[in-house]
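On a predicted model such as this, the values are computed, not experimentally measured, just so you know.
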Amino acid sequence: MKLRFILPLVIFAALIGLFAVGLQLNPREVPSPLIDKPAPSFDLPRVDTPETRITRDDLTAHKVSLFNVWASWCVACRQEHPFLMELARNDAVPIYGLNYKDERKDALAWLERHGNPYRASGFDHEGRVGIDWGVYGVPETFVVDARGTIRYKHIGPLTPQVWREKLEPIVRELQGAAS
């Protein structure tokens with residue numbers, strides 16, 4: 001008889017506990033299974049010069065690189081683009097791009113209109129490389145070390161605050177570690 005009254009209370013308390021934990025999680029923090037794993041290989045034509053290629057080796061030619069997933073149709077990419085231009089102007093870290101599910105003419109027009117912060121940007125029209133990298137959407141940015149290991153993934157626009165609090169410490173550590 002008592003169990004009949006206690007069991008619903010226990011289930012209710014367990015549900016409240018699960019909701020309380022769930023509400024404290026950040027939905028933008030999606031763990032990537034690729035962190036601390038080798039970055040997937042790729043070989044794509046560049047957006048600006050399709051006769052030349054960009055590969056994973058371009059990323060590993062530096063102590064640390066950023067691999068930014070972007071598209072001309074992406075509204076949030078407009079928000080982060082001025083900051084990417086600032087990072088490129090300051091030569092803080094080499095930035096490579098992955099133009100994701102876009103049209104080449106639209107991507108070129110975007111870079112012409114807003115500037116090009118990328119040392120090179122791969123044209124991933126079908127989004128296959130994005131799938132290999134576990135891209136959920138755009139923009140996303142990966143920190144890749146000299147060994148080709150993905151060290152961090154940021155989902156959403158890069159902002160000065162995100163850079164200062166999350167990516168810059170990792171980049172500085174990797175730049176120092178590879179010296």
Answer with yes or no whether the hydrophobic clustering places [X] together with [Y]; edges join I, L, V, M, F, W, Y residues whose side-chain heavy atoms lie under 4.5 Å apart.
X    : Y    : answer
I35  : V144 : yes
W110 : V75  : no
V138 : I131 : no
F67  : M85  : no

Which heavy atom of [X] sits nearest a heavy atom of [Y], and at what distance?
X    : Y    : result
R128 : D124 : N-OD1, 3.1 Å
D102 : H125 : O-CD2, 2.8 Å
P139 : C74  : CD-SG, 3.6 Å
R56  : P40  : CD-O, 3.7 Å
P82  : Q79  : CD-O, 3.6 Å
L66  : L167 : CD2-CD2, 4.0 Å

Notebook entry, point to check: Run the side-chain contact (heavy atoms from CB on, under 4.5 Å) check on Y136 and K153 step by step: do they pass?
Noted result: CA-CA 11 Å; Y136 296 98; K153 176 182 179 181; 3.2 Å; yes
Margin query: Any carboxylate oxygen within less than 4.0 angstrom of a Lys/Arg side-chain nitrogen, looking at R119 and D91?
Written below: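 Salt bridge present between R119 and D91.
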Note to self: For R151, is there an ion pair with D36 - N to carboxylate O distance below 4.0 angstrom?
What the structure shows: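 R151 and D36: salt-bridged.
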Item checked: N99 and S121: side chain donor to acceptor below 3.5 Å ->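 The criterion, which ignores hydrogens and geometry beyond distance, is not satisfied for S121 and N99.
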Check: Under 3.5 Å, is there a donor-acceptor pair between the D43 and T55 side chains?
Finding: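 Their side chains do not contain a donor-acceptor pair, so the 3.5 Å distance test is not met.
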Next item on the list: Begin from the C-alpha positions of L44 and F123 and carry the test side-chain contact (heavy atoms from CB on, under 4.5 Å) through to its verdict.
Entry: CA-CA 6 Å; L44 289 172; F123 184 61; 5.8 Å; no
Spacing of [atom1] belonging to [X] relative to [atom2] belonging to [Y], to within rounding of 0.5 Å:
X    : Y    : atom1 : atom2 : value
E126 : Y100 : CD    : OH    : 11.0 Å
E86  : W163 : CD    : CH2   : 10.5 Å
E112 : H114 : CD    : NE2   : 11.0 Å
R53  : E51  : CZ    : CD    : 11.0 Å
L98  : I54  : CG    : CD1   : 8.0 Å
L87  : E80  : CG    : CD    : 9.5 Å

Margin query: Quick one, D106 with W73, criterion side-chain contact (heavy atoms from CB on, under 4.5 Å). Give me CA distance, side-chain angles, the key distance, then yes/no.
Written below: CA-CA 8 Å; D106 295 338; W73 46 263; over 6 Å; no
Look at the side chain of [X] and the backbone N and O of [Y], then say whether any donor-acceptor pair between them is shorter than 3.5 Å.
X    : Y    : answer
D145 : R147 : yes
T52  : T49  : yes
H81  : L84  : no

Notebook entry, point to check: Is any side-chain heavy atom of F5 less than 4.5 Å from a side-chain heavy atom of L9?
Noted result: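 F5 does not reach L9 side chain to side chain.
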Check: For L111 and W70, what are the C-alpha separation, side-chain angles and deciding distance, and is it a side-chain contact (heavy atoms from CB on, under 4.5 Å)?
Finding: CA-CA 11 Å; L111 293 174; W70 66 282; 3.8 Å; yes
